[in-house]
Amino acid sequence: MKKRILSIGLALAMMTALLAGCGSKSATWKVTCPWAPSGVAAMVSQKAAAKSTEYSKEITLVAEAIKGDAATVNTWIMDTKANDTELVFAGEGLLSITATLDPDKLQFGYEDFVFVENLYSSVFVLSADAKLGIKSVDDLKAYVEGGNEISVAVNGAMGSEAFLAAALFGSMGAGDKLKLTPYQSAAEAAQAVAKGETSFAVSHQSQILETFQQDGVTIVCAFDQDDIAAGPFAGVEGVGKHGYPFFRNRCFIMARAGTDADKVSALKDLYGKILADKEVAEWLQDTMLLEVDIMSQADVEDHIENVKNIVNEYKDIVAG
């Protein structure tokens with residue numbers, strides 16, 4: 001009888017230890033998107049969070065979208081420590097543009113993060129008022145060579161779109177004729193050209209799609225090396241093959257520096273499975289007009305440096 005009691009006690013103790021062990025392995029990671037609560041990044045993060053439980057019993061992602069940007073990430077850096085179950089988005093806007101133009105605004109640097117994964121890549125496009133009849137890079141060059149004033153709608157005065165516009169028209173020798181018109185949101189900037197407020201706009205593909213389908217604009221070119229391969233803008237030529245500078249918009253998922261390598265690896269593996277999910281990949285491509293773009297840390301650092309170089313070269317045009 002004593003042996004039986006001991007056996008039962010031992011079994012209960014082992015079960016308790018096992019349950020405790022399972023509990024210690026499970027973690028909920030909050031993923032903060034510190035800009036545009038209803039924007040592209042926030043929507044993709046919500047999609048990834050919803051899929052997380054299908055691919056992991058140990059990690060659950062919870063997406064949080066708040067309006068903030070630099071100040072929010074400053075707070076995040078001050079409030080989090082290595083191994084806290086907190087993730088945050090950062091991209092070229094903070095790590096390349098703000099870090100170059102207004103470094104005092106940031107209380108952090110790239111060294112304060114450890115890279116987990118790139119959530120997506122967005123290839124920006126240049127749209128033009130349909131009345132101008134500009135449908136290619138060659139058409140655009142002819143328009144520039146005609147000495148025309150150039151007005152471009154962009155999202156914010158110092159955002160990615162502004163620097164892409166400055167790099168393209170600046171490298172065409174038309175920086176002195178360029179007028180950047182900043183809007184409060186990317187969607188507003190995309191619609192400005194169709195309303196006749198500007199001649200051009202730089203935007204995400206998804207934000208100009210409806211206007212394009214209504215024949216309000218033409219799509220001149222894509223800010224990428226190659227032509228767009230799929231979707232409604234397939235065949236739109238990339239500026240890179242003409243020798244013009246460009247960068248993609250990317251959204252890096254970051255943990256706090258010092259977080260254990262095995263935790264970062266598990267998170268990266270989970271995001272890799274989510275982004276490889278057929279439903280997610282099709283939704284990104286067909287609905288959001290984004291691309292799955294798995295990156296290494298070296299890829300991230302190359303991207304940050306490329307954008308910094310473009311910012312340094314064309315900052316005088318953007319600053320006016």
Side-chain angles (χ1 to χ4, degrees), residues 29-37 39-42 44-45 63-122 124 154-167 180 182-186 189 202 245 247-259 264 267 295-320:
W29 289 75
K30 185 173 75 173
V31 190
T32 298
C33 176
W35 57 75
V40 171
V44 180
S45 184
E64 179 177 89
I66 54 178
K67 189 174 182 179
D69 205 24
T72 301
V73 184
N74 282 338
T75 301
W76 187 88
I77 287 292
M78 290 187 290
D79 290 350
T80 58
K81 301 178 183 64
N83 293 312
D84 283 353
T85 52
E86 298 270 350
L87 300 172
V88 69
F89 291 156
E92 69 275 348
L94 292 179
L95 298 174
S96 299
I97 299 175
T98 303
T100 301
L101 298 179
D102 194 6
D104 292 340
K105 194 173 184 178
L106 304 183
Q107 297 172 25
F108 59 83
Y110 180 67
E111 66 279 1
D112 291 305
F113 304 100
V114 57
F115 171 66
V116 176
E117 190 51 86
N118 177 41
L119 191 61
Y120 61 80
S121 280
S122 174
F124 285 111
V154 293
N155 176 27
M158 299 284 177
S160 296
E161 296 93 329
F163 278 95
L164 288 170
L180 297 172
Y183 285 80
Q184 292 290 325
S185 72
V202 177
F247 58 85
R248 291 183 172 200
N249 174 229
R250 289 179 164 117
C251 193
F252 304 136
I253 304 158
M254 301 288 202
R256 192 68 166 89
T259 297
V264 175
L267 287 162
M295 297 176 72
S296 67
Q297 185 167 322
D299 294 332
V300 172
E301 291 169 2
D302 287 346
H303 174 73
I304 291 170
E305 287 306 308
N306 175 51
V307 180
K308 281 184 177 180
N309 291 336
I310 289 173
V311 171
N312 279 316
E313 185 167 354
Y314 297 100
K315 62 186 177 183
D316 291 342
I317 294 176
V318 174

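Since the model is a prediction, treat every value here as computed from it, not as a measurement.
Taking CD of Glu301 as the start and OG of Ser296 as the end, the distance is 8.5 Å to the nearest 0.5 Å. With rounding to the nearest 0.5 angstrom, the CD atom of Glu305 is 7.5 Å from the OG atom of Ser96. One finds the OG1 atom of Thr259 at 7.5 Å from the CG atom of Asp84 (value rounded to the nearest 0.5 Å). Going from atom CZ of Arg256 over to atom CG of Asp112 covers 5.0 Å, rounded to the nearest 0.5 Å. Distance check: Cys33 SG to Ile66 CD1 gives 8.5 Å after rounding to the nearest 0.5 Å.
Panel note: side chain Glu161, backbone Gly156; no donor-acceptor pair is recorded below 3.5 Å. Judged by distance alone, with hydrogens and angles left aside, the side-chain atoms of Thr98 form a donor-acceptor pair with the main-chain N or O of Gly93 at under 3.5 Å. Looking at Asn74, its side chain does come within 3.5 Å of a backbone N or O of Lys105 through a donor-acceptor pair.
In this structure the side chain of Glu117 never reaches within 4.5 angstrom of the side chain of Leu267, judged on heavy atoms. Two residues are said to be in side-chain contact when any heavy atoms from C-beta on lie closer than 4.5 Å; Phe113 and Val88 meet this criterion. You'll find the side chain of Phe89 stays beyond 4.5 Å of the side chain of Val44, heavy atoms only.
The minimum heavy-atom distance between Arg248 and Glu92, with the atom names listed, is O-OE1, 3.8 Å. The two residues Ala167 and Ile310 come nearest to each other via the heavy atoms CB-CG2, 4.0 Å. Minimum interatomic distance between Ser45 and Leu119 (heavy atoms only, all atoms of both residues): N-CD2, 3.9 Å. In terms of heavy atoms, Ala41 sits closest to Trp35 at CB-NE1, 3.7 Å.
Summarising the local packing, CD of Glu111 is surrounded by more than 12 heavy atoms from other residues, nucleotides or ligands at distances under 6.0 Å.
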